[in-house]
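Take a look at the structure below.
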Amino acid sequence: MKLSRRTSWFLAAFGVWSWIIWVTFAKNLWADSGGQAFTDGDHSRPTAFFWVHLALTVTSFALGTLVGVVGVRGLRASSRRQKLPGLTQ
C-alpha cells in the first residue's frame, strides 16, 4: 500500500501528538491529590480508577507509537520513490 505524503505526515504527527498528550495525562494521574487515583493520597494503594486509566494510557502509547511508525515509514518510502529515476507516484 502506498501512502501519500500528506497522509504520512498526518500519521507521524498524530503519533507525536499522542505521546505528548498521554505523557501529560500520566504525570497528572500520578500527581493526583484528589483521592481518585490513590486511596488517601498513598501511592502504595492505587484505586480502580488508577488501574483503568493506566491501562488506557499504556494502550494509547502503543497505538500512538504504531500509527507514528506507519507515518514515518510512509515518509521514508515516499522520499525513496522520489529519488529513484523512472518511478512515478
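All values below were derived from every heavy atom in this structure, side-chain atoms included, with hydrogens, water molecules and symmetry-related copies excluded.
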Do the side chains of [X] and [Y] join up, straight or via other hydrophobic residues, at under 4.5 Å, putting them in one cluster?
X     : Y     : value
Val69 : Val23 : no
Leu29 : Val58 : yes
Phe10 : Leu3  : yes

Inset, instruction - Specify whether Trp30 and Phe38 have parallel, tilted or perpendicular ring planes, treating 30° as the upper limit for parallel and 60° as the lower limit for perpendicular. - result: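 Ring orientation of Trp30 relative to Phe38: perpendicular.
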Inset, instruction - Look up atom OG1 in Thr59 and atom CH2 in Trp22, then write down how far apart they are to the nearest 0.5 Å. - result: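 So the OG1 of Thr59 and the CH2 of Trp22 are separated by 9.0 Å.
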Legend entry - Linked hydrophobic residues, Val16 as query - side chain contacts closer than 4.5 Å: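 Ile20, all in the cluster of Val16.
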Inset, instruction - Flag the pair Phe25 / Leu56 as yes when at least one side-chain heavy-atom distance between them is below 4.5 Å, and no otherwise. - result: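 A side-chain contact under 4.5 Å is absent here.
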Legend entry - Flag side-chain contact, heavy atom, 4.5 Å: Pro46 against Trp51: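 Yes, side chains in contact.
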Inset, instruction - Examine the side chains of Thr7 and Ser4 and answer whether a donor and an acceptor come within less than 3.5 Å of each other. - result: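 The criterion, which ignores hydrogens and geometry beyond distance, is satisfied for Ser4 and Thr7.
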Legend entry - Between Trp19 and Thr65: side-chain donor-acceptor atoms closer than 3.5 Å: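 Thr65 and Trp19 do have a side-chain donor-acceptor pair below 3.5 Å.
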Legend entry - Whether over 12 other heavy atoms sit under 6.0 Å from Phe50 CZ: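 Result for CZ/Phe50: enclosed.
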Inset, instruction - Mind listing the closest non-hydrogen atom pair of Gly64 and Ser18 along with its distance? - result: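 The pair with the smallest heavy-atom distance is CA-OG, 3.7 Å.
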Legend entry - Exercise: identify the closest heavy-atom pair between Ala37 and Asp32: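 Closest heavy-atom pair between Ala37 and Asp32: N-OD2, 2.7 Å.
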Legend entry - Pairs meeting criterion side chain to side chain donor-acceptor pair (under 3.5 Å) with involvement of residues 37-49, two or more places apart: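 Found Asp42-Ser44.
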Inset, instruction - Determine whether the aromatic ring centres of Phe14 and Trp17 lie less than 6.0 Å apart. - result: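 Phe14 vs Trp17: aromatic centres not under 6.0 Å.
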Inset, instruction - Give a yes or no on whether the backbone of His53 and the side-chain of Thr57 come within a donor-acceptor separation of less than 3.5 Å. - result: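 Yes: the side chain of Thr57 pairs with the backbone of His53.
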